[in-house]
Amino acid sequence: MSQLSAGCIKLLQTADPGDLDVFNSPYVVQFLSTKRVGNTNPTASGATPPDRYRIIMSDGTQYMQAMLATQLNEMVTSNTITKNTIAVLEKLTCSFVQGKRLVVVLGLRVLEHVAEKIGEPQNIDAPASGAETATPAVASASTSVPTPAAASVNMSSSSRPPQPPPKGRHGNIYPIEGLSPYQNNWTIKARVTQKSDIKTWSNARGEGKLFNVTLMDDSGEIRGTGFNLAVDELYPRLEEGKVYYISKARVNLAKKKFSNVNNDYELSFERNTEVEECHEVTNVPTIKYNFVPLNLLEELNKDAICDVIGVVKEASPVTEITSVKQNRQIPKRELTLVDKSGFSVRMTLWGKQAEQYSTAESSPVIAFKGVKVGDFGGRSLSMYSSSTMHVNPDIDECFTLRGWYDSSGAEQTFKAHSMSGGGAASGAAFNRADIRSLDEVKQTGYGMPEKPENFSARATIMHIKADNISYPACPTQGCNKKVLEINGTWRCEKCEQSYPAPEHRYIMSMAVADYSGQAWLQGFNEVGVAVFGMTANELLEKKERDPSEYNAIMHKANCHTFNFSCRAKQDTYNENTRIRYGISRIQPLNYKEEAIAMRDLLYSAWAR
DNA sequence: CCCCCCCC
């Protein structure tokens with residue numbers, strides 16, 4: 001029988017995600033289970049997303065969860081890998097986002113099938129205390145704790161500063177990790193991996209301007225900030241991507257909650273701070289990425305920070321939004337990114353990033369570091385001012401994507417993260433672990449202060465409003481506009497066309513209840529299709545043919561329980577302000593799935 | 001000395 005790579009699970013669970021030596025080593029593991037997860041599509045809205053498999057792999061001592069890349073799904077469906085299969089992992093990727101490590105198996109080779117589990121492996125996750133609190137912002141964690149192995153992959157040498165002692169004035173080259181307020185007379189040799197816009201502020205304590213940079217060497221990274229005069233002096237001189245000797249800056253304690261740079265300290269550039277460009281750039285790593293494939297974005301939590309790379313399929317013009325909170329106009333631009341996973345996702349650029357984005361090249365590959373995961377339309381991405389984007393970076397992933405897109409990707413259609421393709425409905429994915437009771441939603445004023453809020457609920461239909469259950473809509477794909485009958489044809493004002501017949505679309509208003517109370521939920525076409533199991537055209541036809549059958553269908557729709565993703569939004573109509581609850585997703589209960597989730601919940605409670 | 005990261 002094959003020898004499992006004892007200890008590899010611990011390595012995979014603890015290594016720096018950028019440590020290629022760890023994640024490309026040929027570990028021998030045993031699969032304890034393969035489980036299909038997520039993503040059934042009950043609204044009959046068309047394409048089904050690819051299945052994904054979560055696997056449990058063991059080294060005989062410990063086991064951990066991982067995802068199987070979708071291109072390996074066939075190994076599960078064909079039973080090439082099953083429970084107890086022993087295989088060599090040939091390629092893995094690892095992302096680490098908000099305390100949640102995501103290991104994806106990209107390549108493996110089956111060695112043998114055995115009858116039983118080897119050893120008594122323990123769940124490596126079980127006692128993981130402090131996982132959430134460890135590193136709030138993780139994209140940076142990987143860059144800031146490089147192991148020597150990881151550094152050597154990026155650079156020609158794995159040696160660390162301070163050595164060899166550089167010639168001339170830059171005697172004491174310190175590693176960034178070694179900086180503290182107790183050190184003086186240091187010099188760092190670091191690459192600017194990120195430079196912000198110049199920001200101005202004005203508050204009770206005064207006003208001014210500032211900028212920040214992220215500085216990185218192969219020991220770690222640190223944030224540097226320049227205020228006022230230092231902006232004038234240094235902002236033009238520090239360029240993203242270049243390497244500098246920096247000395248005589250002040251080392252302050254970092255306020256961690258405001259920074260996703262993993263360092264206890266940060267630099268403040270002062271009047272006498274010295275900055276000199278360095279042209280001899282060995283030992284100074286370039287940005288390291290932990291790319292999350294676009295199809296796996298829904299594995300990440302809202303507000304997680306991650307790295308992605310994709311082809312820009314579309315780029316909107318710059319528009320301006322009005323930030324209510326800040327009372328100012330902010331330029332923004334939307335990009336649509338796609339990748340080989342077959343998914344597309346929207347990426348929002350802000351401010352200068354939005355304005356300066358070049359549309360000269362039609363479908364560039366762009367690598368993003370440190371972007372925020374949002375839940376608009378299922379999943380969306382947004383840049384922070386600390387995020388970076390690199391167009392056509394000189395890295396393997398970029399070349400791979402370029403080749404794929406030019407040979408086939410450009411012709412492909414892509415799956416969006418949203419269930420409701422129409423765009424009218426939007427909202428977060430259903431989150432079983434975070435179901436709200438209807439009473440809580442009402443009592444705590446979800447959606448109250450003008451800001452729409454998403455929540456998940458599990459509720460049972462009590463009553464469906466029978467009048468105005470649908471409207472005649474434009475049959476043009478994606479239009480959905482109400483059409484008017486004029487002389488026997490149906491006119492769409494938006495498309496400026498007439499059609500022989502409309503396509504009826506549901507506008508559902510229904511009372512639902514859970515153990516805590518009831519609420520009225522509003523839903524569009526997908527909701528009606530899910531509830532009645534037929535299109536609005538079909539339902540109307542039945543109504544006209546046999547009203548009693550229609551009544552029976554309406555009646556039968558009651559008392560069914562669904563998982564809902566809802567959006568609470570304040571709404572004023574006829575001078576009445578109230579909160580309306582829109583359904584962005586509706587899923588019939590899958591009792592097997594629910595039972596498994598409850599079992600897992602019991603197990604996890606028991607494991608603690 | 002900022003620390004907001006926005007909108008649909």
Side-chain angles (χ1 to χ4, degrees), chain A residues 136-137 139-140 194-214 223-232 235 249-250 252-261 263 266-271 273 302-305 316-336 345-355 368-389 416-418 420-428 447 449-454 567-571 582 584:
Chain A
S140 60
Q194 180 269 135
K195 181 171 93 162
S196 74
D197 294 351
I198 296 171
K199 289 174 273 188
T200 56
W201 84 89
S202 170
N203 60 27
R205 275 165 296 186
E207 56 187 63
K209 60 183 174 182
L210 71 119
F211 77 106
N212 336 273
V213 289
T214 306
R223 190 159 87 143
T225 305
F227 290 95
N228 303 319
L229 288 174
V231 176
D232 303 332
Y235 190 81
R250 200 164 69 199
N252 294 323
L253 213 54
K255 288 167 200 148
K256 298 227 97 172
K257 72 167 175 160
F258 297 128
S259 168
N260 51 17
V261 171
N263 198 312
E266 56 188 36
L267 299 180
S268 174
F269 302 136
E270 306 295 315
R271 193 183 273 275
T273 295
K302 175 171 147 54
D303 298 330
I305 296 169
S316 79
V318 179
T319 56
E320 290 215 317
I321 61 114
T322 306
S323 169
V324 185
K325 223 164 159 180
Q326 293 190 65
N327 191 28
R328 64 184 179 105
Q329 298 291 110
I330 301 165
K332 73 157 187 174
R333 190 194 294 268
E334 308 283 6
L335 306 182
T336 304
V345 70
R346 204 179 75 171
M347 167 74 76
T348 308
L349 276 46
W350 303 98
K352 216 170 73 181
Q353 298 268 26
E355 289 172 332
F368 292 87
K369 181 155 192 70
V371 296
K372 188 177 87 156
V373 177
D375 60 7
F376 186 76
R379 275 291 176 268
S380 59
L381 296 168
S382 171
M383 287 190 80
Y384 282 115
S385 67
S386 60
S387 309
T388 62
M389 55 181 282
H417 280 280
S418 159
S420 49
S426 65
E450 285 169 35
K451 182 151 177 75
E453 247 177 312
N454 297 318
R567 187 171 178 83
K569 197 175 179 180
Q570 194 165 298
D571 176 73
S584 40

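Since the structure is predicted, the reported quantities are computational estimates derived from the model, not experimental observations. First the proteins, then the strands, lettered A, B, ... as listed; each starts at 1.
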Does A/K199 put a side-chain nitrogen or oxygen below 4.0 Å from OP1 or OP2 of B/dC3? no
Worksheet item: Has the side chain of A/R223 got a donor or acceptor that lies under 3.5 Å from a partner of the other kind on the base of B/dC3?
Response: yes
Value for CZ (A/R328) from OG1 (A/T322), rounded to nearest 0.5 Å, stands at 11.0 Å
Of the candidates B/dC6, B/dC2, B/dC5, the side chain of A/I321 sits closest to B/dC6
From CG of A/N212 across to P of B/dC1 the rounded distance in Å is 12 Å
One should read off an interatomic distance between A/L381 CG and A/S387 OG, to the nearest 0.5 angstrom, of 9.5 Å
Sorted by chain and number, sequence neighbours left out, salt bridge (charged side-chain N to carboxylate O under 4.0 Å, His left out) with A/K209 holds for A/D232
- Query: Quick one: does A/R567 reach the base of B/dC8 with a side-chain donor-acceptor pair under 3.5 Å?
  - Reply: no
**Request:** Taking only the side-chain nitrogens and oxygens of A/R205, find out if one of them lies under 4.0 Å from OP1 or OP2 of B/dC2.
**Result:** yes
By nearest-heavy-atom nucleotide on DNA chain B, the more 5' of A/S382 and A/E266 is A/E266
From CG of A/D197 across to C1' of B/dC6 the rounded distance in Å is 14 Å
task: Quick one: label A/R333 by what it contacts on the DNA or RNA (base, sugar-phosphate, nothing), any heavy atom closer than 4.0 Å.
output: nothing
Respond yes when some side-chain nitrogen or oxygen of A/K352 is under 4.0 Å from OP1 or OP2 of B/dC5, and no when none is.
-> no
Taken to the nearest whole Å, CE/A/M347 to P/B/dC5 is 18 Å
Does a side-chain N or O of A/W350 approach OP1 or OP2 of B/dC5 to a distance below 4.0 Å, or not?
no
Separation between CE (A/M383) and OG1 (A/T388), nearest 0.5 Å, reads 6.5 Å
A/N203 has its side chain closest, among B/dC4, B/dC6, B/dC2, to B/dC2
Between CD of A/E207 and P of B/dC3 the distance, given in whole Å, is 13 Å
Applying salt bridge (charged side-chain N to carboxylate O under 4.0 Å, His left out) to A/K199 and not counting sequence neighbours gives none
Scan A/T225 against the nucleic acid and name what it touches under 4.0 Å (heavy atoms): base, sugar-phosphate only, or nothing. base
Distance alone, cut at 3.5 Å: any donor-acceptor contact between the side chains of A/T214 and A/Q194?
yes
Between CG of A/L210 and P of B/dC4 the distance, given in whole Å, is 12 Å
- If you look at every strand shown and take non-hydrogen atoms under 4.0 Å, does A/K372 touch a base, only sugar-phosphate, or nothing? sugar-phosphate
To the nearest angstrom, the OH-C1' distance between A/Y384 and B/dC2 comes to 16 Å
In whole angstroms, the gap separating P of B/dC5 from CD1 of A/I330 amounts to 10 Å
In whole angstroms, the gap separating P of B/dC2 from CG of A/L267 amounts to 18 Å
Taking B/dC2, B/dC7, B/dC6 as options, the one with an atom nearest any side-chain atom of A/K332 is B/dC7
**Item:** Whether A/W201 stacks on the six-membered ring of B/dC2 base, 5.5 Å and 30° limits
**Value:** no
